[in-house]
J.: 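Submitted below is the structure of interest, expressed as structure tokens.
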Amino acid sequence: LSSFGTLGPGQEMAIFGEEVLMLSTLRHPNLVTLLGWGRRGTTRYLVYEYLGGGSVQQKLLAGRDCSNSGICLPDGMRPLVWHERLSICLDTA
């Protein structure tokens, strides 16, 4: 989300609310859906849908030997190949 800089708390919350509203309307097969948000004190949290099968970071960075990278995929999953990566980039651009 955007940096709020020197805005007052009311202005920050208004901008945050507008951005959450915009993000919650985005729907794309390669993007997780924003379900809602929460706040505890001055900390704000975004709540996204859960997707099984590992994270994008895992799918991009996982190697055959995950003991070297420390990034492992769940059993039966494989890293994204280049044409899949390119397709995701083009679809979300």
Side-chain angles (χ1 to χ4, degrees):
L1 294 175
S2 300
S3 172
F4 296 120
T6 59
L7 299 175
Q11 291 173 306
E12 285 181 10
M13 198 60 213
I15 292 171
F16 179 78
E18 289 173 14
E19 291 193 26
V20 166
L21 183 61
M22 188 272 303
L23 290 172
S24 65
T25 62
L26 295 175
R27 300 288 184 266
H28 190 279
N30 292 324
L31 298 175
V32 293
T33 301
L34 177 64
L35 300 176
W37 66 278
R39 181 176 66 183
R40 184 174 195 166
T42 59
T43 304
R44 297 177 189 106
Y45 301 93
L46 299 177
V47 180
Y48 289 95
E49 69 178 314
Y50 172 78
L51 296 178
S55 69
V56 172
Q57 179 185 16
Q58 288 173 313
K59 298 210 53 73
L60 291 174
L61 300 178
R64 288 192 177 96
D65 180 10
C66 67
S67 62
N68 290 335
S69 67
I71 300 173
C72 302
L73 288 171
D75 290 339
M77 298 299 292
R78 62 172 177 70
L80 293 171
V81 294
W82 283 106
H83 75 273
E84 291 171 323
R85 295 172 189 220
L86 181 59
S87 177
I88 290 170
C89 290
L90 293 173
D91 285 349
T92 57

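Heavy-atom basis, side chains included; hydrogens, waters and symmetry copies ignored. One is the number of the first residue; the rest follow in order along the sequence.
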J.: Are Val20 and Met13 connected in the hydrophobic side-chain network, where two residues link if heavy atoms are under 4.5 Å apart?
T.: yes
J.: By side-chain hydrogen bond (donor to acceptor under 3.5 Å, both in side chains), which residues pair with Thr33, not counting sequence neighbours?
T.: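 Checked Thr33 against side-chain hydrogen bond (donor to acceptor under 3.5 Å, both in side chains); matches are Glu49.
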J.: Rounded at 0.5 Å granularity, tell me how far CG in Leu34 sits from CZ in Arg27.
T.: 8.5 Å
J.: Looking at every non-hydrogen atom in both residues, tell me the closest pair between Tyr48 and Leu23 and how far apart they are.
T.: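 Closest approach of Tyr48 to Leu23, heavy atoms only: OH-CD1, 4.5 Å.
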J.: Ignoring hydrogens, what is the shortest heavy-atom contact between Leu46 and Phe16? Give both atom names and the distance.
T.: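 Shortest heavy-atom contact: CD2-CZ, 3.9 Å.
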J.: Can you name the residues that form a side-chain contact (heavy atoms from CB on, under 4.5 Å) with Glu84, not counting sequence neighbours?
T.: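 Arg78, Leu80, Val81.
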J.: If you measure from the Lys or Arg side-chain nitrogens to the Asp or Glu carboxylate oxygens, is any gap between Arg44 and Glu19 under 4.0 Å?
T.: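 No, no charged N to carboxylate O under 4.0 Å.
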